[in-house]
Structures are given as C-alpha cells and as structure tokens.
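Just so we're on the same page: letters track the sequence lines, and every chain starts at 1.
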Number of protein chains: 2
Amino acid sequence: MTVSQIQVLLVEDEPAQRELLAYNLEAEGYAVRRAENGEEAMMLIDEAAPDIIILDWMMPLLSGIEVCRRVKTRPETREIPVIMLSARSEEVDAVRGLDTGADDYVIKPYNLRELMARVRNQVRRVRPAASGEALTFDDIALNAETHRVMRGEQEIKLGPTEYRLLVTFMEKPSRVFSRDQLLDMVWGRDIYVDTRTVDVHIARLRKALTKQGGTDPIRTVRGTGYALG
Amino acid sequence: MTVSQIQVLLVEDEPAQRELLAYNLEAEGYAVRRAENGEEAMMLIDEAAPDIIILDWMMPLLSGIEVCRRVKTRPETREIPVIMLSARSEEVDAVRGLDTGADDYVIKPYNLRELMARVRNQVRRVRPAASGEALTFDDIALNAETHRVMRGEQEIKLGPTEYRLLVTFMEKPSRVFSRDQLLDMVWGRDIYVDTRTVDVHIARLRKALTKQGGTDPIRTVRGTGYALG
DNA sequence: CAGTTATGTTACAGTTTTGTGACGGCATGG
DNA sequence: CCATGCCGTCACAAAACTGTAACATAACTG
C-alpha cells in the first residue's frame, strides 16, 4: 500500500519450480511476471523493467548467466537486482567466477523463507520505501536497513541470531511461534539444533532488551512457544 | 495434539505430484502425512484421524472413491473433509455421480493456489480456530494465532490444557461433549487418564473464565458431559 | 425424605516445561 | 598467534502445570 506494487521477473524453465515460487512471491504481495527461458526474459525486460529478477542459471535458449550479464551491462537495467538460483554450491562458485554481477546467489533446493528474505533484502536496496523499513513495537524500533535496534532513546546491541529472532517476532507481533517454527525461520530449515537452544537465545534477547530497564516484551506460551507482546 | 497443528492426509500414488503438494502444504503450516494408496490411507486414518484428506481418485489397491466412501460411512470419520483430485472434468461428474460424499473436487492439472484456497475453506469448516480466525462466543474471544483469550477487555490467563479445552468448545459452541470425547480431543487418543480429570479441568477453566466477573458459560449436562453455552 | 449417584472443589505431590549461568568450540579480526 | 565475541549444549534451579484422591455439594430416585 506504499507506492505501486513491486514487479518481480521470475525466469525458470521448470514449471513446477516456477509456479511454486510464483505462488509464494504473490502471497508476499509481489506482482510476478514469468519467463520460461532467457530469450523470453529479455523481451519482458525490454517491455517494462522489473524491480527485481530471479533467475535460474541453467536454461534453454539463453542461459541465466548470459541474461544476467546483459542486464548488468546495459546502463538502463544495471541497477536491477538479480538473484541467481543454481543447483549446487560448486556451481555458485563457478557462476561467481564468471563475474556476471548477480547480486545474490541461492542454492537449490533453497529454503523458501530464506529466499524470500533475500528477495526482500534486494528489494529494500532499490525500493526502500516499498518494503516497510522500520518495524516498531511498543517502544522498540528496529531499522532493517541499518540493523539497528532502539528501545526508547537507548540503542540495543544484539548478536546476529538475537537480531533475526527479534525481526521474526516484530514482523508478526503477538503471533505465537513454536520453537520449531523459530528454528526454521531464524536458523534455517535444515539446520539441526536442539530446540532448547531457542530458549537460550530468547533469554539472551530478553536480557538485552531489558538491560536498560523496561518490561520484558516477550511472552512465553507454555507448551507452545514464544510471542512478542 | 488435535488442537494445535492441522493434520493433512495426502493420498496420491504419483511421487512427484505427492511431494510437490506436500511441500506446499507444509509451507502453509500443515502437518502432512503421506499415503501412496488407499489401503495405506485407511491404516493411517485408523491410527489417528487427520483433520482433512486430500485424495487422488485413481490409485492402485484401493481407489480414492472407495476410501472416500468408507470415510464418509463410518461415524467417527464422517466429519473429516475430503477433497478429491481427478484428472478431468468428465471424471468429476462421474465421481460426483457415485455419491461418495466428497466435500470438494479439484481437476488436475490444478492451480496450486486454488487448491490451497479450497483446503483452507474445508479446514475452516471443521477447525475454525486453527485457521487463524478469532473465535467468539458471547463476550469471550479466542485468537488462535496469538493464543490469547479475552473476556470483554480483560485477558484470561489459561494453562495449556484449559486453553485446548476452551478451543474445543468454541469450535463447536453449544455442542455437548462427553468426557471421553474431550479426553480424545484435548488429551489425545491414547492417553489414559481418569475421566474425572476432565471435571477438574472444567472447574479450572470455569474459575479462570469467571475470575473477573461474568457468568459461567459452561453448561453441565448431567449424565453426559459439558457444553459451551 | 433418605439413599444414591453425579458433579464441584480443594489440596498436594509428582512431573514437565522453562529460565539461566557456565563452558568449550569456533570463527573473526586484529 | 591471541583476543574477542558468538554459538550450541549441558546441568541445575525455578516455575508452572497435571492427575488423583478425598471430601463437599447438588441432583435425581423412589
């Protein structure tokens, strides 16, 4: 509801993958345009420049690598963020070596949430107004761009995990998250970590948030998980 | 636990189809159990009744039609929504003609988003609380997403069991539940506890609900059980 | 009404869940 | 190389919740 809707160009030849991703992007509020191959992608880019491009690197007709190179070469499209999807980490290295200028790389099979986060990140870079930047809850303010957290006038210093934890909470205040959900969202879907680790980080986050006074904003929901507020 | 996560039973013999769908369901927060054929499906249903069944109609061993017929025949599973997937619209007519009692039909190849919407629809019918909606009864409001219970302006603090108990009641207001039913739904199918334990928790729930004034919303049905309203 | 049965209520001891400080490992950046 | 900071795990402490038994009260029966 800020300015206009954010345009995502999704380039992926495998229909199932494409629709899965498109579905999720649309659920997040993006306008998705689809392309099956590099050639189609270039046509759509010429037609109307998207805000961000998600690009499978292996495609018929015109590879993702080449598309990326062209986008990053032309002055009028150079600023558009490109996220490259590739099948394995070795490929990422290879692609990176080709110096296509992609802004981010995601290895398949990707964690959907993580990919979404990366999309958000790139979008924020180019369209700061479009993605709600400063989250606030009560007297806590979190600036996603600067990674700064303030409580009242005081700055709160957080470690990376505590920060992500807080972001997760602040994106959906009051919502209860199970420990498993938090592990998925904050640590990553395939990480194996004891669920009690969540408790420890909650404790650390609590300590940091209440260090300079103020009430504990995190609510424990016994038998279920935690929530902000 | 019947109250927290929604259990989907996904019955589909084609692995690619099955996994694609399962992936998406899980991304939406459903707990997915998979079956490759009708026989397996029936076994899983007996083991623990799911909240909803998604059923491919054409399968080896025991067809979706037959599974559906059995589910809809047995009293203890009759209420479970069944969504049938079939390959073409003519088949839908045919299946509909067989009067299996399926609650919805989706034609393959389906639009994933539409299917998800239909799943949500069916779930809402049977488990309103689990679908992120606020339940209300009289001046009591229960939000499943935040796990918060309000009576008027006051927040009601409940223990886990009392909370689940209240959710169960509020999903079907006015319906009378026997102690055994409540044990099944709130405690779990295979837990052994004295049926009088239900009375104790009812008392605790009553106390919590009336602590800050207001009338007792729980009705005792002598010789049978309890009901809300 | 007295007897009988079902439900309400309370206290409590045992169990489960959560809070938290301590510690060793690992990476990062001098 | 060392210092620093962060992380995950463990172990123990604290808190919250649970089921049961026992007794009180209410509702039904004839």
Side-chain angles (χ1 to χ4, degrees), chain A residues 147-149 155-169 176-211 215-228, chain B residues 1-4 147-149 155-169 176-211 215-228:
Chain A
H147 273 223
R148 270 242 188 103
V149 180
E155 172 162 7
I156 305 286
K157 196 89 171 96
L158 297 177
T161 305
E162 294 148 38
Y163 175 78
R164 285 195 302 253
L165 202 48
L166 182 60
V167 170
T168 305
F169 281 129
V176 177
F177 297 94
S178 71
R179 291 174 176 74
D180 285 324
Q181 284 176 318
L182 290 171
L183 283 176
D184 273 7
M185 288 188 266
V186 175
W187 277 258
R189 188 168 289 253
D190 28 311
I191 302 292
Y192 87 102
V193 167
D194 195 287
T195 85
R196 286 305 309 279
T197 298
V198 175
D199 297 31
V200 176
H201 280 274
I202 288 284
R204 289 172 180 161
L205 178 55
R206 276 178 166 147
K207 187 187 270 184
L209 286 172
T210 56
K211 194 168 206 166
T215 54
D216 176 10
I218 297 175
R219 171 166 54 110
T220 303
V221 182
R222 189 160 249 258
T224 306
Y226 299 96
L228 182 68
Chain B
M1 240 161 297
T2 320
V3 175
S4 57
H147 266 242
R148 273 219 171 101
V149 180
E155 173 161 5
I156 307 286
K157 272 204 56 99
L158 298 176
T161 305
E162 295 147 37
Y163 176 79
R164 290 198 299 263
L165 203 46
L166 182 59
V167 170
T168 304
F169 280 127
V176 179
F177 296 94
S178 73
R179 291 175 175 74
D180 284 323
Q181 283 176 317
L182 290 171
L183 283 175
D184 273 6
M185 286 187 269
V186 175
W187 276 258
R189 204 161 290 266
D190 26 299
I191 305 290
Y192 153 78
V193 283
D194 196 285
T195 85
R196 286 304 311 279
T197 299
V198 175
D199 298 30
V200 175
H201 280 275
I202 289 282
R204 288 174 181 159
L205 178 55
R206 276 177 166 147
K207 186 190 268 182
L209 286 172
T210 56
K211 193 168 204 167
T215 54
D216 177 10
I218 297 175
R219 174 166 49 106
T220 302
V221 183
R222 185 159 247 262
T224 308
Y226 299 96
L228 184 67

*Between C:dG21 and A:Lys207, is there an OP1 or OP2 to side-chain N/O distance shorter than 4.0 Å?*
yes

*To the nearest 0.5 Å, how far apart are CG in B:Leu158 and CG in B:Leu209?*
6.0 Å

*For the side chain of A:Asp199, starting at C-beta, report the closest nucleotide among C:dT9, D:dC7, C:dG19.*
C:dG19

_Nucleotide nearest B:His201 (side chain, heavy atoms from C-beta), chosen from C:dG8, D:dT18, C:dT18_ = D:dT18

*asked:* In this structure, how many angstroms lie between the P atom of D:dT9 and the CG atom of A:Asp194, rounded?
replied: 5 Å

*Tell me which nucleotide among D:dC7, D:dG19, C:dT20 gets nearest to the side chain of A:Pro160.*
D:dC7

*Which nucleotide in the list C:dG8, C:dT20, D:dC28 gets nearest to the side chain of B:Arg222?*
D:dC28

*Quick one: is A:Trp187 getting a side-chain N or O under 4.0 Å of the D:dG8 phosphate, OP1 or OP2?*
yes

*Can you spot which of B:Val176, B:Asp199, B:Val221 makes a side-chain contact (heavy atoms from CB on, under 4.5 Å) with B:Tyr226?*
B:Asp199

*With a non-hydrogen cut-off below 4.0 angstrom, is B:Arg204 in contact with a base, only sugar-phosphate, or nothing?*
base

_OP1 or OP2 of C:dT18 under 4.0 Å from side-chain N/O of A:Thr220_ = no

*asked:* As a test of reading the structure: which of D:dC7, D:dA21, D:dG8 is closest to the side chain of A:Thr161, going by heavy atoms?
replied: D:dC7

_Please classify the nucleic acid contact of B:Arg206 as base, sugar-phosphate, or nothing, using heavy-atom distances under 4.0 Å._
sugar-phosphate

_Less than 4.0 angstrom between a side-chain N/O of A:Tyr226 and OP1 or OP2 of C:dG19, yes or no?_
yes

*With a 4.5 Å limit on heavy-atom distance, are the side chains of B:Ile202 and B:Phe169 in contact?*
yes

*Calculate the interatomic distance between B:Arg164 atom CZ and D:dC17 atom P; express it in whole Å.*
12 Å

*With a non-hydrogen cut-off below 4.0 angstrom, is A:Tyr163 in contact with a base, only sugar-phosphate, or nothing?*
nothing

*Has B:Arg179 got a side-chain N or O lying under 4.0 Å from the OP1 or OP2 atom of C:dT7?*
yes

